[in-house]
Novice: 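Pasting a structure below so you can have a look.
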Amino acid sequence: MSSAAVPTRAYTHRLSGSTDLPDRNLVGGKAWSLARMTSLGLRVPPAFVVTTEGFRHFHEAGELTERLRAQVLDGLADLERSTGRQFGVGPAPLLLSVRSGAAISMPGMMDTVLNLGMTDEVEAALANESGDAAFAHDTHHRFLELFNDVVLGLDPHDHRADSPAAVRASVSTARPDVAWDPLGQLMASIEAVFKSWNSRRARRYRAHQGISDDLGTAVTVQAMVFGNLGEDSGTGVLFSRNPLDGSKQVYGEYLRRAQGEDVVSGRVTPQPLSELADQSPTLHSELLAAAQTLEQANREVQDVEFTVQSGQLYLLQSRTAKLAPEAALRSTIDLVEEGVLSVDAAVRRLTPSQARSLVAPRLATTSQSNPPVASGESACAGVGIGRVVDDPDQAISLAAEGIAVILARPTTSPEDLGGMLAARAVVTDEGGSTSHAAVVSRALGLPCVVGCGAGSLNPHVGSIVTVDGATGTVYAGELPVLVPREDDSDDLRTVIAWARTLSPISITATAEGLDADDVVDLTDIPGGIDPEQVAATIAGLPPTQAISGGAAGSPEAVTAAIDAGVSRIVTDPVLPALLAAVHHTAPGQPDATAPTSADSPTDTKGQPR
């Protein structure tokens, strides 16, 4: 008796220019954005993706199986055909980037390898093809640095001054199993990205953001383009609107003769985007047009990574921008007024934590008698007051004791995330508005100042300082702050009015119109002031018309009140609770102007600082 052949499950997916976009849960946010940009007719280096099905297959098998390897090789062959180049072979060698990408954006949390496929022979071929031996040598060193760090877990600084041959010899002494041939590099890099999903820093980020550990990551394998090739090459990051205040102006940075890692790592302080306009007005205009196309298509403010190679623009990624709360508010209102978003979609996009940040204390006016002790570039507005620490582990331990801390670092990396979560503000010596510190701080609503200069806060370690994220300044001591009110902001009043039309429960700042007997003050009830206990407390109340006090304005209390049939919550500020109420209700039919971008916004669950 014969049986039908079982079809081989596909673990890879070719990213083409089809308008039928792949499932984001299958290919991940980064690969989805590549497919999206390609479908819009934008120039994107060709790529294929090892899907989340491949990720699960890897973890079930504990290795890259022969079936998975064979599909990776098929994808590689397709890249060679589409580029006219050969992987690991001259005279026109193909180099690759290997990037992770889950369905939900996790900036800086996962590992990337660039310039993969580099060997001594490939370096020679690349030098001959480009006519620039220095470029080829720089690219070789960049590959070894990232490969040693990401794949092998070694300190890349140990070999920075060595020749490539010396680096390989030294590493092979300690790690004789390392495969330096191009295919060995590729398979090892894919495996390292898969394993990085379960790294300590990735798990910590997902726990803080409420992202499931079961989601898994895809791996995007893409043909390299080189921003470090010559003076008419470079790399940068662009926001389609200002990520600090939400104004409708393009905002970004550019660095000539560099690769993307130089900009996002914060190791090098880039130039304003006007540098690209000076280099090539035509390229600058092309980039702005692409950003506008992406914002209109995705109905979100976009964060776009790009590379210029020999005067030609390539887009590498587009995702929903991580915005400071003020920027999220302003841009959302503008998108409604421009007809891009509906009111329903706009209100559901804003989060309670963003609303809390908007009414958080801010610095009162300062005088000439109290000059700043450090200043840099504003990366996220807000005020943070605390003791300066320069070690993320110390920040975690002091915060656990209830001590407010300010984390001061030369730059930040994913390894600093725990310290950032514990801090009231972050200050870095280096980096710009698209560095790791800036991007993650905006996602967390954490006051941040970057690029203050080497050792800027070293003399103040152990002392109390006040960080004003809005102006990019740091002051000695604890300065007075102002507490803004919702009624003072036209934008906040606008969103409050929108949210009231969607909220299933009345939320007011005062108890006007209620009798004292109609309102239960949670402050007087056990568990009523603790967000972790307040839901059970409300569920245990007798039928109640209104609640106030304690944790009544927390998302947990709002959810419990709606479920318990409470008709009114008295809390100030109002907007965070209104947004929690709207988010608790099930959205209606899909909105025609709902966002469709690669990375949906997530509530950071951060506390106001």
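None of these values were measured; they are calculated from a predicted model. Just so it is clear, the values below take in all heavy atoms, side chains as well, and ignore hydrogens, waters and symmetry mates.
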Novice: Rounded to the nearest 0.5 Å, what separation is found between the NZ atom of K30 and the OG1 atom of T220?
Specialist: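 Spacing of NZ (K30) from OG1 (T220) equals 8.0 Å.
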Novice: Strictly distance-based, threshold 3.5 Å: is any side-chain N or O of E253 a donor or acceptor partner for the main-chain N or O of S433?
Specialist: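 Side chain of E253 to backbone of S433, a donor-acceptor pair under 3.5 Å: yes, one is there.
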Novice: Do the side chains of E295 and R241 get nearer than 4.5 Å, heavy atoms only?
Specialist: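 Yes - at least one pair of side-chain heavy atoms lies under 4.5 Å apart.
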Novice: Applying side-chain contact (heavy atoms from CB on, under 4.5 Å), run through I569 and I505 and close with a yes or a no.
Specialist: CA-CA 8 Å; I569 298 174; I505 187 171; 3.8 Å; yes
Novice: Could you tell me the separation between the CE atom of M37 and the CH2 atom of W32, rounded to the nearest 0.5 Å?
Specialist: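 Separation between the atoms: 10.5 Å.
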Novice: Are any side-chain N or O atoms of D262 and backbone N or O atoms of Q259, one a donor and one an acceptor, separated by less than 3.5 Å?
Specialist: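 Indeed, once roles are kept as given, a pair shorter than 3.5 Å links the two residues.
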Novice: Less than 4.5 Å apart, any side-chain heavy atom of C448 and any of M420?
Specialist: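 A side-chain contact under 4.5 Å is absent here.
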Novice: Determine whether the side chains of D521 and T523 contain a donor N or O and an acceptor N or O closer than 3.5 Å.
Specialist: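 Yes - a donor-acceptor pair under 3.5 Å links their side chains.
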Novice: Report yes if the side chains of R36 and S318 come closer than 4.5 Å at any heavy-atom pair, otherwise no.
Specialist: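 No, side chains not in contact.
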Novice: Rounded to the nearest 0.5 Å, how far apart are CG of L575 and CG of L579?
Specialist: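 So the gap between those two atoms works out to 4.0 Å.
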Novice: Determine whether V359 and L492 satisfy the following criterion, side-chain contact (heavy atoms from CB on, under 4.5 Å), listing intermediate values before the conclusion.
Specialist: CA-CA 9 Å; V359 291; L492 286 174; 4.0 Å; yes
Novice: For A581 and I507, which heavy atoms make the closest approach, and how far apart are they?
Specialist: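 Minimum heavy-atom separation between A581 and I507: CB-CD1, 4.2 Å.
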Novice: I'd like to know if the side chain of S503 reaches the main chain of R500, judged simply by a donor and an acceptor atom lying under 3.5 Å from each other, with no hydrogens or angles considered.
Specialist: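 Judged by distance alone, no pair lies under 3.5 Å.
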Novice: Which heavy atom of V389 sits nearest a heavy atom of A395, and at what distance?
Specialist: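 The answer is CG2-CB, 3.7 Å.
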Novice: Answer yes or no: is there a donor N or O on one side and an acceptor on the other, between the side chain of T559 and the main chain of E556, under 3.5 Å?
Specialist: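 Flag not set: sc T559 to bb E556 has no pair under 3.5 Å.
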Novice: Where is the tightest heavy-atom contact between A328 and Q354, given as atom of each residue plus distance?
Specialist: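 In this case the closest contact between A328 and Q354 is CB-NE2, 3.5 Å.
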Novice: To the closest 0.5 Å, what do you measure between OG1 (T235) and CG (L255)?
Specialist: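 Answer for the OG1-CG pair, T235 versus L255, is 8.0 Å.
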Novice: Locate the shortest heavy-atom distance separating T510 from T508; write the atom from each residue and the value.
Specialist: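 Minimum heavy-atom contact is O-OG1, 2.7 Å.
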Novice: Thinking salt bridges, do R330 and D245 make one under a 4.0 Å N-O criterion?
Specialist: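 Looking at R330 and D245, the cut-off is not met.
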Novice: Decide yes or no for L315 and L294: does some side-chain heavy atom of the first lie under 4.5 Å from some side-chain heavy atom of the second?
Specialist: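 Result yes, sub-4.5 Å side-chain heavy-atom pair found.
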Novice: List the atom of A577, the atom of T571, and the distance in Å for their closest heavy-atom pair.
Specialist: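 Nearest pair, atom of A577 first, then T571: CB-CG2, 3.9 Å.
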Novice: State, yes or no, whether a side-chain contact exists between V388 and S463 at a heavy-atom distance under 4.5 Å.
Specialist: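 When only atoms from C-beta onward are counted, S463 and V388 do not touch, as no gap falls below 4.5 Å.
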Novice: For L276 and F306, what are the C-alpha separation, side-chain angles and deciding distance, and is it a side-chain contact (heavy atoms from CB on, under 4.5 Å)?
Specialist: CA-CA 12 Å; L276 177 59; F306 66 93; 4.0 Å; yes
Novice: Show which side-chain atoms of residues 396-406 pair as donor or acceptor with protein atoms under 3.5 Å away, not counting sequence neighbours.
Specialist:
{"residue": "S397", "atom": "OG", "partner": "D393", "partner atom": "O", "Å": "3.4"}
{"residue": "S397", "atom": "OG", "partner": "Q394", "partner atom": "O", "Å": "2.9"}

Novice: Would you mind writing out the side-chain donor-acceptor pairs for residues 373-386 within the sub-3.5 Å range, not counting sequence neighbours?
Specialist:
{"residue": "E377", "atom": "OE2", "partner": "Y251", "partner atom": "OH", "Å": "3.3"}
{"residue": "S378", "atom": "OG", "partner": "G469", "partner atom": "O", "Å": "2.5"}

Novice: Nearest 0.5 Å, please: how far is CG in N25 from CG in L215?
Specialist: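 Nearest 0.5 Å value for the CG-CG distance: 6.5 Å.
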Novice: For the backbone of A438 and the side chain of S441, can you confirm whether one donor and one acceptor N or O come within less than 3.5 Å of each other?
Specialist: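 Judged by distance alone, no pair lies under 3.5 Å.
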Novice: Could you tell me whether the side chain of R349 reaches within less than 4.5 Å of the side chain of E300, counting heavy atoms only?
Specialist: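 A side-chain contact exists here, since the closest heavy-atom pair is under 4.5 Å.
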Novice: Between S247 and N242, is there a donor-acceptor pair closer than 3.5 Å when you use the side chain of the first and the backbone of the second?
Specialist: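 Between the backbone of N242 and the side chain of S247 there is no qualifying donor-acceptor contact (under 3.5 Å).
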Novice: Output yes when a side-chain donor or acceptor of R256 lies under 3.5 Å from a complementary backbone atom of G234, and no otherwise.
Specialist: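 Not confirmed, R256 side chain does not pair with G234 backbone.
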Novice: Does L514 offer a backbone N or O that forms a donor-acceptor pair with the side chain of R568 under 3.5 Å?
Specialist: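 Checked: no pair found.
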Novice: Given side chains that start at C-beta, do those of R485 and D572 come closer than 4.5 Å, heavy atoms only?
Specialist: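 Yes, their side chains come closer than 4.5 Å.
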Novice: Does D334 pair with K248 as a salt bridge, N-O distance under 4.0 Å?
Specialist: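 No salt bridge links D334 with K248.
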Novice: Would you say that more than 12 heavy atoms from the other residues, nucleotides or ligands in this model lie under 6.0 Å from the CD of Q249, or not?
Specialist: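 Result for CD/Q249: enclosed.
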Novice: Decide yes or no for T320 and N298: does some side-chain heavy atom of the first lie under 4.5 Å from some side-chain heavy atom of the second?
Specialist: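 No; the side chains remain at least 4.5 Å from each other.
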Novice: If I take atom CG from residue L335 and atom CD from residue Q296, how far apart are they, to the nearest 0.5 angstrom?
Specialist: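 Between atom CG of L335 and atom CD of Q296 there are 8.0 Å.
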Novice: Minimum heavy-atom separation for V343 and L502, please, with both atom names.
Specialist: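 The answer is O-CD1, 4.5 Å.
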Novice: Side chain of T217, backbone of S100: donor and acceptor closer than 3.5 Å?
Specialist: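 Answer holds: no.
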Novice: Would you check if the side chain of T466 reaches a backbone N or O of G477 as a donor-acceptor pair within less than 3.5 Å?
Specialist: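 Checked: pair present.
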Novice: Step by step, work out the side-chain contact (heavy atoms from CB on, under 4.5 Å) result for L21 and S39.
Specialist: CA-CA 8 Å; L21 297 178; S39 73; 3.9 Å; yes
Novice: Regarding H436 and S413, do their side chains bring together a donor and an acceptor under 3.5 Å, going by distance alone?
Specialist: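 Per modelled atom types, H436 and S413 side chains form no pair under 3.5 Å.
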Novice: By salt bridge (charged side-chain N to carboxylate O under 4.0 Å, His left out), which residues pair with R203, not counting sequence neighbours?
Specialist: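 For R203, the residues satisfying salt bridge (charged side-chain N to carboxylate O under 4.0 Å, His left out) (neighbours in sequence not counted) are D213.
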